[in-house]
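Worksheet: the structure to be examined is printed underneath.
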Amino acid sequence: MPTSSASTNGSVRSAPGGGVQSLERAFDLLERMADAGGVVGLSELSASSGLPLPTIHRLMRTLVACGYVRQQPSRRYALGPRLIRLGESSSRLLGTWARPHLARLVEETGETANMALLDGDEIVYVAQVPSKHSMRMFTEVGRRVLPHSTGVGKALLAGFPPQDVRALLARTGMPAATDRTITTPEGFLAALDEVRRRGYAIDDNEQEIGVRCLAVPVPDAPTPAALSISGPAGRVTEAVTERIVPVLQQVARDLSEVLASPGGGPTV
């Protein structure tokens, strides 16, 4: 069983990778809380992390004191409001790092390029580079939509277990944005099977009539992310899909390498 990262003489024990073990454990607990929906008890954290309760209690007391965690009246712990500022700043940086890759997509496909994240049960667009065509698609950065009616939503949820997808759809409902929107869990799960089979997702007039989108996930992204191109259905046809999808997939792989790089910033 792992032991506390703080030794009795007050020194800080190093983690195997050269980092500070207590910091690694604290961030691991925060991620486990997020995976559990944001509110957990100490015993749940102990069971999932393998850390002893006294160690978790000390770490949580520090996180509570810093405002990154709140203790509920029920004695359970919830993610705290100070994380919001960190998340917003990180999201803006992610969009900055993605923008050169989106510009490359626009150059190679001719259509508007987007990056979106799964935030809770919603899709949020964090970056966009518009097409140079006079007729082009525009999605406001920061816009939130439900996953079931979007290509990026399908691309992201195709990597989730079916039971998790059903639970999300039960929470959000499946309202129809157009008469082409998939509005049943069975239909959506079948669409996700198709995404996994072909390696990309399509929004065919499902979010907005006259608009067609192609989307792929960003492999190994630190948070579920997807790239897409969108344009008039008359331009984003089945005939050009075979040309565009390999470009999307390559740019997604290149962006994944940038996000995984310890140096952080983009090099395109």
Side-chain angles (χ1 to χ4, degrees), residues 1-98 116-124 126 144 156-157 159-161 163-165 167-168 171 217-225 255-265:
M1 186 75 73
T3 57
S4 171
S5 58
S7 65
T8 55
N9 65 5
S11 63
V12 178
R13 186 171 300 167
S14 296
V20 178
Q21 189 180 64
S22 57
L23 282 175
E24 291 186 357
R25 288 176 169 177
F27 283 115
D28 178 64
L29 292 179
L30 289 173
E31 291 190 4
R32 290 178 187 277
M33 292 178 70
D35 291 341
V39 181
V40 295
L42 292 184
S43 59
E44 297 168 64
L45 286 174
S46 180
S48 66
S49 69
L51 293 173
L53 281 171
T55 298
I56 293 177
H57 190 253
R58 283 194 294 272
L59 291 168
M60 296 301 280
R61 278 193 310 184
T62 301
L63 291 170
V64 168
C66 293
Y68 297 119
V69 170
R70 298 179 67 181
Q71 188 170 23
Q72 307 283 73
S74 63
R75 309 296 292 175
R76 289 164 67 82
Y77 290 86
L79 295 174
R82 286 197 70 183
L83 291 170
I84 296 173
R85 183 167 63 92
L86 298 182
E88 290 176 344
S89 297
S90 177
S91 178
R92 285 194 297 271
L93 280 174
L94 191 58
T96 299
W97 295 335
L117 307 180
L118 183 63
D119 183 22
D121 291 343
E122 297 178 316
I123 297 296
V124 57
V126 296
R144 290 175 175 270
L156 290 169
L157 291 183
F160 282 60
Q163 64 271 23
D164 291 353
V165 176
L168 182 150
R171 291 190 298 268
V218 178
D220 304 316
T223 188
L255 177 57
S256 175
E257 291 181 6
V258 169
L259 298 180
S261 170

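Note that the coordinates shown come from a computational prediction; the quantities given were computed from them, not determined experimentally.
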Side chain to side chain contact (heavy atoms under 4.5 Å, CB included) evaluation trace for Val69 with Leu30: CA-CA 8 Å; Val69 170; Leu30 289 173; 3.7 Å; yes
Note, [X] side chain near [Y] side chain (heavy atom, < 4.5 Å):
| X | Y | answer |
| --- | --- | --- |
| Leu118 | Thr223 | no |
| Arg70 | Pro81 | yes |
| Asp119 | Arg144 | yes |
| Leu79 | Tyr68 | no |

Residue of the set Leu45, Ile56, Val39, Leu42 for which side-chain contact (heavy atoms from CB on, under 4.5 Å) holds with Tyr77: Leu42
Gap between atom CZ of Arg25 and atom CZ of Arg32 - 0.5 Å precision: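 Separation between the atoms: 11.5 Å.
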Any idea which heavy atoms bring [X] and [Y] closest together, and the distance?
| X | Y | value |
| --- | --- | --- |
| Val165 | Phe160 | CG2-CB, 3.9 Å |
| Gln72 | Ala78 | CD-CB, 3.9 Å |
| Leu51 | Ser46 | O-OG, 2.7 Å |
| Pro224 | Leu156 | C-CD2, 3.5 Å |
| Leu63 | Ala26 | CD1-O, 4.2 Å |

Over 12 foreign heavy atoms within 6.0 Å of CZ, Arg171: yes
More than 12 heavy atoms from other groups under 6.0 Å of CG on Asp220: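 Count not over threshold, so no.
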Backbone of Pro219 reached by a side-chain donor or acceptor of Ser256 within 3.5 Å: yes
Audit row: Val40, Glu44, side chain to side chain contact (heavy atoms under 4.5 Å, CB included) steps and yes/no: CA-CA 6 Å; Val40 295; Glu44 297 168 64; 4.2 Å; yes
